[in-house]
Number of protein chains: 2
Amino acid sequence: MDSKDQKRPSELDIFRDFLRRQGMRYTPERETIIKEIFSTHEHFDVDSLYLGIRQKGLRVSKASIYRLIPLLIKANLIEEVFFENGQMHYEHIYGHEHHCHLRCQECRKIEEFSDERVVQIEKELGERFNYRILRHKLEVIGICSTCQKKMNTA
Amino acid sequence: MDSKDQKRPSELDIFRDFLRRQGMRYTPERETIIKEIFSTHEHFDVDSLYLGIRQKGLRVSKASIYRLIPLLIKANLIEEVFFENGQMHYEHIYGHEHHCHLRCQECRKIEEFSDERVVQIEKELGERFNYRILRHKLEVIGICSTCQKKMNTA
DNA sequence: AAGAAATTGTTATTCAATGTCAATAAGCCT
DNA sequence: AGGCTTATTGACATTGAATAACAATTTCTT
């Protein structure tokens, strides 16, 4: 473990700070939810999160999850990824290599990728519009090779 | 009007073709909705679309709008832009200069921009993952100058 | 022109997300 | 350490976008 790792505060520390600055409280329920979110690198929605927590034998109401999510977004710990099937889907972004999504319009499969050029675009935009840039979300939509074949033979 | 313009079929023609290929029917209701969508260059949601149609003295049920939207997406005439306030927002993409969005996380203001580099990224992705690329959606999130000032003085 | 099948509007339904509120508990203050 | 203020919790009720069901209608093929 090098010094870089030691310097990076945990997501819980980040969130504690965030809460203190807003005069809000750190509760066991919030800790449970955050730990669950950061325990995997998968996308999640409120339902999958709730089930994951219950499977560990813990108990938190869905209302608390719904109430926590906007706070985590404000704290830049998670972000909305896409809305599908009537539910918003999220992923955590802190302590996680940033990536973008290539999605198949037919079968909804998702490939992840990164590209440095987007960072440059971001930077220029910040200067041009006088924004403080927080993050970006690049979603490329197409038809995967499997679905292309299906469409050709049909 | 130059030859390039003459060659580009209207969105109605595109959609008629699309419907025919799927064994679906072209109805006055569908025509009304599409014309409304393509009559402005603004983002829209189901409600604003419905109201716009009624203000022109026309009548189409909301159910028909909800039913048409997935078809227009499949036909690559419109796309989902963002989900906000419990509603999906769309914009038409056919016959319209493509652009991306820079959004302020605080006040939800939106700036539009274009960047050729994303097209290049798209192209490379298509080759790398063997996808037929249809489009992309780049959303950059930040804090606008006005909101930065507010946060500093607070 | 007729008939098969898709589409429409109406109505009912679903379910994610939010609001309400009394009970509880975090965290500051002395 | 204990008390007090007030944010937070969970249960329940409510909202509202989106979808389903279905009978009446209309498109489009032959």
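Note that this is a predicted model, so its numbers are computed, not measured. Order of the sequence lines fixes the chain letters, A, B, ..., with proteins taken first and strands second; residue numbering starts at 1 for each chain.
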Side-chain N or O of B:Arg30 closer than 4.0 Å to phosphate OP1/OP2 of C:dT8: yes

Which of these, A:Leu72, A:Ile37, A:Ile34, sits in a side chain to side chain contact (heavy atoms under 4.5 Å, CB included) with A:Glu11? A:Ile34

With under 30° as parallel and over 60° as perpendicular, where do the rings of B:Tyr131 and B:Phe129 fit, or are they tilted in between? perpendicular

Taking only side-chain nitrogens and oxygens of A:Ser61, does any of them come within less than 4.0 Å of OP1 or OP2 of D:dT9? no

Calculate the interatomic distance between B:Ile34 atom CD1 and C:dT7 atom C1'; express it in whole Å. 14 Å

Between B:His41 and B:His99, is the gap from one ring center to the other below 6.0 Å? no

B:Tyr90: which of B:Phe44, B:Phe38, B:Tyr66, B:Phe83 passes ring pair (Phe, Tyr, Trp, His ring centres under 6.0 Å): B:Phe44

Taking CD1 from A:Ile73 and C1' from C:dA17, how many angstroms apart are they, rounded to a whole number? 13 Å

Would you mind reading off the distance between B:Gln22 atom CD and D:dC28 atom P, rounded to a whole angstrom? 15 Å

Do NZ/NE/NH1/NH2 and the carboxylate oxygens of B:Lys56 and B:Glu36 come within less than 4.0 Å? yes

Once you round it to whole Å, what is the distance between P of C:dT18 and CG of A:Leu68? 13 Å

Which atom pair, heavy atoms only, marks the closest approach of A:Asp45 to A:Met88? CB-O, 3.4 Å

Nucleotide D:dT19, atom P - distance to CG of B:Leu71 in whole Å: 12 Å

Expressed in angstrom and rounded to an integer, what is the separation of A:Glu84 atom CD from D:dT19 atom P? 12 Å

Atom pairs, N/O to N/O, protein against nucleotides 15-18 of chain D, distance under 3.5 Å?
{"unit_1": "D:dA17", "atom_1": "O3'", "unit_2": "B:Gly86", "atom_2": "O", "d": "3.3"}
{"unit_1": "D:dA18", "atom_1": "OP1", "unit_2": "B:Met88", "atom_2": "N", "d": "3.3"}
{"unit_1": "D:dA18", "atom_1": "OP2", "unit_2": "B:Tyr66", "atom_2": "OH", "d": "2.8"}

Considering only NZ, NE, NH1 and NH2 on the basic side and carboxylate oxygens on the acidic side, decide whether B:Arg128 and B:Glu124 come within less than 4.0 Å. no

Any salt bridge between A:Arg135 and A:Glu79, counting N to O under 4.0 Å? yes

Per-nucleotide protein contact along nucleotides 19-30 of chain C, 5' to 3', at a 4.0 Å heavy-atom cut-off (B base, S sugar-phosphate only, - neither), is -B----BBS---

Cationic tip of A:Arg103 above A:Phe82 ring, under 6.0 Å, 45° of axis: yes

Take the protein atom CD1 of A:Ile65 and the nucleotide atom P of D:dT9, then report the distance between them rounded to whole Å. 11 Å

